[in-house]
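The structure appears right after this line, and notes come after that.
All ligand and atom numbering here is 1-based and tracks the order in the structure.
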Amino acid sequence: MTTAAPRVLRTAYQESIAAYWNNEQDPVNIRLGEVDGLYHHHYGIGEYDESVLAGPEERVIAELHRLETAQADILLDHLRPVAPEDRLLDGGSGRGGTSIMANRRFGCRVDGVTISEKQVAFANEQAARRGVSDRVRFHFRNMLDTGFDTESIRGIWTNETTMYVDLFELFREFSRLLERGGRYVCVTGCYNDVTGGRSKAVSQIDERYTCSVHARSEYFRALAANDFVPINVVDLTAQTIPYWELREKSSVATGIEKSFLTAYREGSFHYLLIAADRI
Ligand code: GPP
Ligand code: MG
């Protein structure tokens, strides 16, 4: 299935991103993951149960985790149908949560790629603990240049990872990897280019994660340029605001909560799901 992998880290920027994720140990990710062993690097959606605020603190942690898992479930809903013999790719797989959920739901082979060697080791350890290492594998590879075979994959997703890369380069690679009729699902934060450029709150998010949030229009331009046709576009903004409100009140708040809440409430930023088919 695989050819020799090309050099993974190609630029000083990519090296700095890899270093960030190799050192990341934030309680907002670790403590939530410990709830049930699904470690996420994305945000949540849905209403929260206000009674958790009465304590104990573990209830807030579990509730934030439940909302993050609900986000991954919605993403996977848009990948269907997937058969057990299909193969899926997780572009920027983090600590592996969404990949493990995809395998659990579809029973298929899942490959995750990330430029963080720490994340690769961590996620492979999770797969081993669950006894799914034969079906779920994490690789130290660059999603812009995976080295996987052309038209070998049925479905690809990126769960909040596209703000680290050029979308035209990324979708060129995904277009190559997918079978005809294969599906790509993206959950992302993007800035609203109807209201102008990057707002101050969006710039704060960029600064916090060393990323570069794209304009909403950029996604559709880059998809169309690479033979992807959107079938569903879901604005999840209203559904993610409660997650940020609960997180802001929690003991695991990191300080970025205000920027997300401001950006979403003022309309300068959207939390978007895009599902597109490779024609
Ligand atoms: C990190 O998730 C997600 C990103 C760095 C992408 C930025 C996302 C946008 C929607 C702009 P995480 O779970 O590692 O972040 P945190 O540590 O804040 O929970
Ligand atoms: Mg997190």
Sidechain N-carboxylate O distance under 4.0 Å for [X], [Y]:
X	Y	value
Arg66	Glu63	yes
Glu218	Arg221	yes
Lys258	Glu248	yes
Glu125	Arg130	no
Arg10	Asp145	yes
Asp206	Arg208	no
Asp111	Arg137	no

Under 4.0 Å, counting heavy atoms only: does Trp21 come that close to any atom of ligand 1?
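Distance cut 4.0 Å: Trp21 passes for ligand 1.
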
Geometry only, no angles: is Tyr271 polar-contacting ligand 1 at N/O separations under 3.5 Å?
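Looking only at distances, the answer is no, because the N/O contact criterion of under 3.5 Å is not met.
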
Any N or O of Arg247 closer than 3.5 Å to N or O of ligand 1
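Yes, at least one N or O pair falls under 3.5 Å.
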
Residue-level breakdown please: for Asn29 versus ligand 1, do any non-hydrogen atoms fall below 4.0 Å on the side chain, on the backbone, on both, or on neither?
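For Asn29, the contact with ligand 1 is made by the side chain alone.
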
Nearest protein heavy atom to [atom], by residue and atom, and its distance?
atom	result
atom 9 (C) of ligand 1	Met163 CE, 3.6 Å
atom 4 (C) of ligand 1	Tyr43 OH, 3.9 Å
atom 10 (C) of ligand 1	Gly189 N, 3.6 Å
atom 14 (O) of ligand 1	His41 ND1, 2.6 Å

Check each atom of ligand 1 against the heavy atoms of [X] and keep those under 4.0 Å away; list them by number with element.
X	result
Tyr164	5 (C)
Tyr209	5 (C), 15 (O), 16 (P), 18 (O)
Val28	16 (P), 17 (O), 19 (O)
Ile205	11 (C)
His42	2 (O), 13 (O)

Pick one: which of Gln126, Arg105, Arg95 meets side-chain contact (heavy atoms from CB on, under 4.5 Å) with Ile100?
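With Ile100 as partner, side-chain contact (heavy atoms from CB on, under 4.5 Å) holds for just one option, Gln126.
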
Within the structure provided, determine whether Leu53 and Tyr48 are in side-chain contact (heavy-atom separation under 4.5 Å).
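A side-chain contact under 4.5 Å exists here.
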
Restricting to N/O/S atoms, is Tyr43 within less than 2.8 Å of the Mg ion (ligand 2) or not?
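Short answer: no, not a single N, O or S atom is under the cut-off.
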
